[in-house]
Engineer: 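Below: one structure in structure tokens.
By convention here, the first residue in the shown sequence is residue 1.
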Amino acid sequence: ITEYEMAYEMDRLGGMGIIHRFMSIEKQSKIIDELNTHMVGAAIGVTGDFIERAQELVNVGVPIICIDVAHGHHKLVKEAIRRIKNEVNGKVDLLVGNISTRESARDLCEWGADGLRIGIGAGSLCSTRIQTGVGVPMVSSIRDCVSVADEYNVPCMADGGVRSSGDVCKGLGAGADTVMLGSLLSGTKESPGSITKQGQWPNEVLQKKYRGSASVDSKMDRGERKNVEGYSTTIPYKGKVKRIISDVIDGLKSSMSYVGANNLEEFHSKCEFIKITNAGIVESKPHLL
């Protein structure tokens, strides 16, 4: 969901956009160059032209490169970290993922990752758990990975399963330092793609398309056909992203107030997690809507 417009607005609002990697090296580096901030990141893969892409991104001043693969605990990721650290000229931090276990967190820290991205199979358009049976519930994977990453002083990002500002609070409360948002910001004015209309006037509905990076649509655009593990859908148009970010910040402030935390460090230590039943889930939601 992040190209120039989203990254620009996220930077303005105090967040950080990560420019996706499914574009040419020239386009990706041009976006970074035009943004002219160090509060932005860019994604790369671990095959093909990834070293050339990484070098060009560093040349235009990107401070963070996200090694973006579905299975981060992999020998290709280890080799990519080694090569970037040794072959790319210039300073850049590596955010690496995705992972979900203690063992993977320890290995990535040992391999030289500067940050970990946690979450497998929890994305809104991800079908990995259904198709492969692989994945760990988000709170469990965050707590497991953070317990190891803390030993290395490596920050962690929770990525997946965020449907509301409450989920952001839970991800941070479980120990993550940052949270990645995808579907929550899809369909906004700043997300890539054009606004389409469905229905007839005066009852038209405005929509935008949201595609998983491993969906059939995305894969076919890149000339790929294997390992489809995601979907595409249309999202009702949500307007400007500022409104959503404001709601997230307000929700987090209230959550910190409820648990008596003045900052994120206190929030980590004061949050308590309990198991609830399906009846508890139903009870948690507004029931007059």
Engineer: Name all residues meeting the side-chain contact (heavy atoms from CB on, under 4.5 Å) criterion together with K240; count only those two or more places apart in sequence or in a different chain, and write none if there are none.
Structural biologist: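 With neighbours one apart ignored, the set is K189, E190.
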
Engineer: To the nearest 0.5 Å, tell me how far L184 CG sits from D247 CG.
Structural biologist: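 Interatomic distance, L184 CG to D247 CG, rounded to 0.5 Å: 9.0 Å.
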
Engineer: Would you check if there is a donor-acceptor pair between the side chains of Q28 and R53 at a distance under 3.5 Å?
Structural biologist: yes

Engineer: Salt-bridge test for R117 and D68: reply yes if a basic N is under 4.0 Å from a carboxylate O, no otherwise.
Structural biologist: yes

Engineer: I'd like to know whether NZ of K30 has more than 12 heavy-atom contacts from other residues, nucleotides or ligands below 6.0 angstrom.
Structural biologist: no

Engineer: Around atom CG of N86, are there more than 12 heavy atoms of other residues, nucleotides or ligands at under 6.0 Å?
Structural biologist: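 Counting neighbours around CG of N86, more than 12 heavy atoms of other residues, nucleotides or ligands fall under 6.0 Å, so yes.
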
Engineer: Could R12 and E9 be called an ion pair, given the rule that one side-chain N must be under 4.0 Å from one carboxylate O?
Structural biologist: yes

Engineer: Indicate the atoms forming the closest heavy-atom contact of A42 with I32, along with that distance.
Structural biologist: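 Result for this residue pair: CB-CD1, 4.2 Å.
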
Engineer: Identify, with sequence neighbours excluded, every residue that meets salt bridge (Lys or Arg N to Asp or Glu O under 4.0 Å) alongside R83.
Structural biologist: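 Scan of R83 (salt bridge (Lys or Arg N to Asp or Glu O under 4.0 Å), adjacent residues dropped) gives E87.
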
Engineer: To the nearest 0.5 angstrom, please state how far the CD1 atom of I67 sits from the CZ atom of R21.
Structural biologist: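 Going from the CD1 atom of I67 to the CZ atom of R21 covers 10.5 Å.
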
Engineer: What I want to check is whether the side chains of T101 and S104 have a donor and an acceptor closer together than 3.5 Å.
Structural biologist: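 Side-chain D/A pair, T101 to S104: present.
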
Engineer: Above 12 or not: heavy atoms from other molecules or residues under 6.0 Å from NZ of K197?
Structural biologist: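 No, NZ of K197 has 12 or fewer neighbouring heavy atoms, counting only those of other groups under 6.0 Å.
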
Engineer: What are the two closest non-hydrogen atoms of A122 and R129, and how far apart are they?
Structural biologist: CB-NH2, 3.7 Å

Engineer: Apply salt bridge (Lys or Arg N to Asp or Glu O under 4.0 Å) to E151 and list each qualifying residue two or more places apart in sequence or on a separate chain.
Structural biologist: R106

Engineer: Take the angle between the ring planes of Y4 and Y8 and call it parallel below 30°, perpendicular above 60°, tilted in between.
Structural biologist: parallel

